[in-house]
Structures are given as C-alpha cells and as structure tokens.
Amino acid sequence: MKLSKILSSYRSEFIAKIKKNTNNNTNKKDFNPIRLDFGSVVFLLARYFGFCYGVENAIEIAYRTVTENPTKRIFLLSEMIHNPLVNQELLKKNVQFIFDSDGQQKISWNELTSGDIIIIPAFGTSIEIEKKIIEKGIDIQRYNTTCPFVQKVWKRGVSLGDDNFTVMIHGKHQHEETKATFSRIKNNTPSFVVRDINEVKIISRIILGKLGKDEFYKIFEGKYSEGFDVNTDLDRIGVVNQTTMLSSETQAIANELKNAMIEKYGIENLHEHFADTRDTLCYATNNNQKATEALLTQNADIAIVVGGYNSSNTTHLVEMLEEKFITYFIDSAEKILSKDQIKHFDIHQKIEKVTNNFVLLDSKPTIILTSGASCPDSEVENVISKILSFLPFKKEFDDVLTDFV
Ligand code: SF4
C-alpha cells in the first residue's frame with residue numbers, strides 16, 4: 001500500500017522524496033542518518049521512521065469504512081493507533097471510541113446494536129471482546145485492522161503452547177496489543193506477562209530455587225493464566241514479545257531465561273526447557289531502533305522525537321536517545337512554542353513540561369529528528385518548518401533536497 005493512498009494531510013512530499021531516495025539504496029543494511037543542512041541548522045534525520053505498514057493499513061481501512069458507511073454509527077474499540085492527530089481526525093468524522101487508552105469502557109455494550117460497525121484497531125483485541133462483538137451481531141472481520149505482525153506473535157504463542165511450552169509474554173500488561181496476545185495464548189497454555197528484565201530476573205531466581213515459588217503469585221498477580229502452577233509451569237518456557245518492545249531488552253530477557261535454564265538443567269537439555277523465539281518484534285520496530293542506534297554514533301545538540309505520548313515504540317526511541325542527548329518528546333510541531341520554548345513529555349514523570357532555551361538556534365545547531373511508527377510524516381516536516389520559521393536565513397526545502405539527492 002502506497003502512502004499516496006493515505007489521507008493527503010498525513011503526507012509530506014519532502015519526506016516522501018527523502019524516503020524514496022533512501023529506499024533506492026541497494027545497501028539494505030544502511031542505517032546511517034540522513035543529513036539535511038539548511039544552512040543555519042542541520043537536521044540528522046533517522047534513516048527509518050514514521051508510519052509503518054500496519055498503521056497505514058489501519059488508517060486506510062478506517063477511512064474506507066467511514067466513506068462506505070455514511071449512515072451507520074462507526075465505533076473503534078480504542079484508539080486507532082497511538083497518535084493523537086490521527087485519532088482526533090477520526091473523532092471529527094463521528095467515529096466513537098468504545099474504550100479509552102487506559103482500558104476504561106466509555107460506551108457500554110448495551111448501547112451497541114447489530115446495525116453498528118466496530119473497527120478493530122491495529123493492536124488487535126482480546127478473544128473476550130471479540131465474543132462480545134459477535135454476541136451483538138456485529139461482523140468482526142470486515143473492518144478488522146489487526147496488523148499481520150501482531151497476528152504472527154499470536155500464532156507463535158499458540159504454536160509454543162502446542163509444543164507444551166509455557167509462554168512468557170514480554171510486554172506492557174495494560175497495552176492493548178499485549179492484552180490481545182495474552183488472551184489468545186492463556187486459554188491454550190500456561191502463560192504470564194513480564195514487563196522488563198528485572199521481572200525476568202525474579203523468574204530466574206524462582207526457577208533456580210533462590211526465591212520462594214509462592215512469590216510468583218504475589219509479584220505477577222493478575223498477569224498469569226488461570227490455574228498457573230508454579231511447581232510445573234516454569235520448567236519449559238518460550239518467549240514472545242509485544243511487537244514494539246526495546247530490541248536490546250528483548251535479547252537480554254531471552255538470554256537471562258536461557259542462562260537460568262542452562263544452570264538448572266544443563267546445556268545439553270536446554271532445548272527441552274527453553275524455546276528461543278525472541279524475535280517477535282516487528283520489522284518497523286527493528287528498523288526504527290537500528291536507525292536510532294546509528295543516530296547515537298553522531299554528535300548533535302539535541303534530539304527531538306515526534307509521536308503519541310502513549311506510543312510504546314516511540315517511547316523506546318526516546319529512551320534510547322536519552323542515553324546520549326538531551327531529548328525532547330513532542331506529539332506535534334505546535335509543542336515548539338517559540339524560538340526558545342518547547343513543551344515536551346517527560347517519560348519518567350509522565351508529565352508535559354515547558355523547557356526554556358531548549359536549543360541555541362543562533363549557533364547553527366545540529367538537531368536529531370525521528371518519529372514513531374504511528375506518527376504521520378507531515379508532522380515531522382511540520383517540526384522542521386517550525387524550527388526554520390525562527391531562522392532568518394535558511395535554504396529552501398527544494399535546495400536541501402537537491403543537495404541530499
Ligand atoms: S508497529 Fe509493527 S506491529 Fe505495530 S502496527 Fe506497525 S508494523 Fe504492525
């Protein structure tokens with residue numbers, strides 16, 4: 001599916017030309033940043049960023065649904081994707097959200113009828129919610145935008161269960177995608193959700209008898225399948241991930257569990273106790289994170305990441321860049337309030353704050369710029385334009401493009 005099919009307001013001709021040029025690069029392993037020198041400011045643009053296949057697909061289906069059904073009530077189970085700009089546009093078209101992003105139900109099932117349409121978002125949904133929709137007499141397949149890369153994780157989890165492995169799901173327990181994955185696996189096989197490496201270290205200690213088994217039920221309350229038996233269900237484990245987790249942590253988690261199994265059962269028996277299925281991150285997460293790793297080899301004055309504040313993949317890009325750069329996480333160009341002020345999201349305090357003198361624009365700064373998989377390219381261009389608007393002398397977009405090409 002081409003970006004040209006997506007609503008024109010999400011497109012950026014400038015970014016599209018850059019991406020087209022980088023896509024033509026025969027060296028697929030090239031994650032080097034794209035240098036855009038506007039004369040008085042340099043942007044180092046991540047090699048890969050922005051809308052992924054799953055998001056484009058979901059937006060396309062959602063807008064087609066609106067166009068094809070002018071007289072019907074149209075609901076989205078929850079946010080279409082984790083981007084406020086895209087969600088606001090859908091709300092303007094009278095699409096209503098049944099759940100908010102915290103999982104709170106805003107519209108009760110009683111209010112829905114068989115004449116309504118429900119769009120399933122790119123994250124997918126749980127079996128329990130699918131059943132509710134079917135009970136209402138509403139078709140769950142016709143307007144289902146679940147990303148195929150999410151479905152791949154579900155299949156991997158089910159297949160691990162078929163091979164009698166317990167499934168450890170690495171993800172954010174309250175995230176729609178992880179809820180959907182857990183619901184599909186937990187009825188077939190013992191399973192549980194871990195958030196990070198610290199929680200996997202707890203699992204390792206339980207496996208190795210360094211921590212009481214009953215601790216599992218306390219620490220992972222609400223995050224394990226019904227009837228989970230810690231005496232037997234931690235003997236044979238395979239791992240799947242929420243598709244947008246941090247790649248480095250995913251590998252660390254798999255290694256931690258693998259080492260615990262080697263210590264307990266011996267390397268010769270590893271395959272009986274550990275299934276190495278760590279790589280269920282999607283291609284977009286992998287590409288965007290590798291491109292961000294390449295940004296970390298550069299020198300820059302600041303980094304700006306654009307995307308929804310509740311977007312998992314975008315937050316991970318912020319975490320990575322924060323290791324080296326002063327990083328500002330904004331959800332739109334409007335958050336650059338002036339030449340000196342930026343309103344940005346602090347992922348640690350979970351608040352938006354205003355920072356003064358965020359960059360010295362008079363000294364030809366170098367600014368790293370990237371965005372999450374749910375951020376329209378038009379917003380990345382808007383950020384560039386906004387910063388350029390504060391500068392008296394700068395090259396035109398076309399000239400920069402010519403230099404770049
Ligand atoms: S981030 Fe990956 S899994 Fe999520 S919608 Fe995009 S391609 Fe699909």
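Nothing here was measured: the structure is a model prediction, and the numbers come from that model. We're numbering straight along the sequence, starting at 1.
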Quick check: are there more than 12 heavy atoms from other residues, nucleotides or ligands sitting under 6.0 Å from [atom1] of [X]?
{"X": "Lys132", "atom1": "NZ", "value": "no"}
{"X": "Glu334", "atom1": "CD", "value": "no"}
{"X": "Ile127", "atom1": "CD1", "value": "yes"}
{"X": "Leu360", "atom1": "CG", "value": "no"}
{"X": "Glu215", "atom1": "CD", "value": "yes"}
{"X": "Ile107", "atom1": "CD1", "value": "yes"}

- prompt: Under the 6.0 Å and 45° cation-pi test, does Arg47 pair with Phe31?
  reply: no
Within-4.5 Å side-chain heavy-atom neighbours: [X] and [Y]:
{"X": "Leu281", "Y": "Thr250", "answer": "yes"}
{"X": "Phe390", "Y": "Ile336", "answer": "yes"}
{"X": "Phe97", "Y": "Leu91", "answer": "yes"}

Does [X] come within less than 4.0 Å of [Y], counting only side-chain N to carboxylate O?
{"X": "Asp301", "Y": "Lys364", "value": "no"}
{"X": "Lys210", "Y": "Glu263", "value": "yes"}
{"X": "Glu89", "Y": "Lys92", "value": "yes"}
{"X": "Arg73", "Y": "Asp116", "value": "yes"}
{"X": "Lys131", "Y": "Glu128", "value": "no"}
{"X": "Asp37", "Y": "Lys395", "value": "no"}
{"X": "Glu13", "Y": "Lys17", "value": "yes"}
{"X": "Lys201", "Y": "Glu256", "value": "no"}
{"X": "Glu352", "Y": "Lys335", "value": "yes"}
{"X": "Glu381", "Y": "Arg11", "value": "no"}
{"X": "Lys339", "Y": "Asp362", "value": "yes"}

message: Please determine whether side-chain hydrogen bond (donor to acceptor under 3.5 Å, both in side chains) holds for the pair Asn241 and Thr280, giving the CA-CA distance in whole Å, both sets of side-chain angles, and the decisive distance to 0.1 Å.
response: CA-CA 6 Å; Asn241 308 284; Thr280 53; 3.1 Å; yes
- prompt: With sequence neighbours left out, which residue pairs that include part of residues 247-268 fulfil the ring pair (Phe, Tyr, Trp, His ring centres under 6.0 Å) condition?
  reply: Tyr265-His273
Before we go on, tell me: are the rings of [X] and [Y] under 6.0 Å apart, centre to centre?
{"X": "Phe165", "Y": "Phe274", "value": "no"}
{"X": "Tyr283", "Y": "Tyr53", "value": "no"}
{"X": "Tyr309", "Y": "Phe329", "value": "yes"}

task: Evaluate side-chain hydrogen bond (donor to acceptor under 3.5 Å, both in side chains) for Thr355 paired with His344, printing each intermediate quantity in order.
output: CA-CA 8 Å; Thr355 295; His344 58 101; 2.6 Å; yes
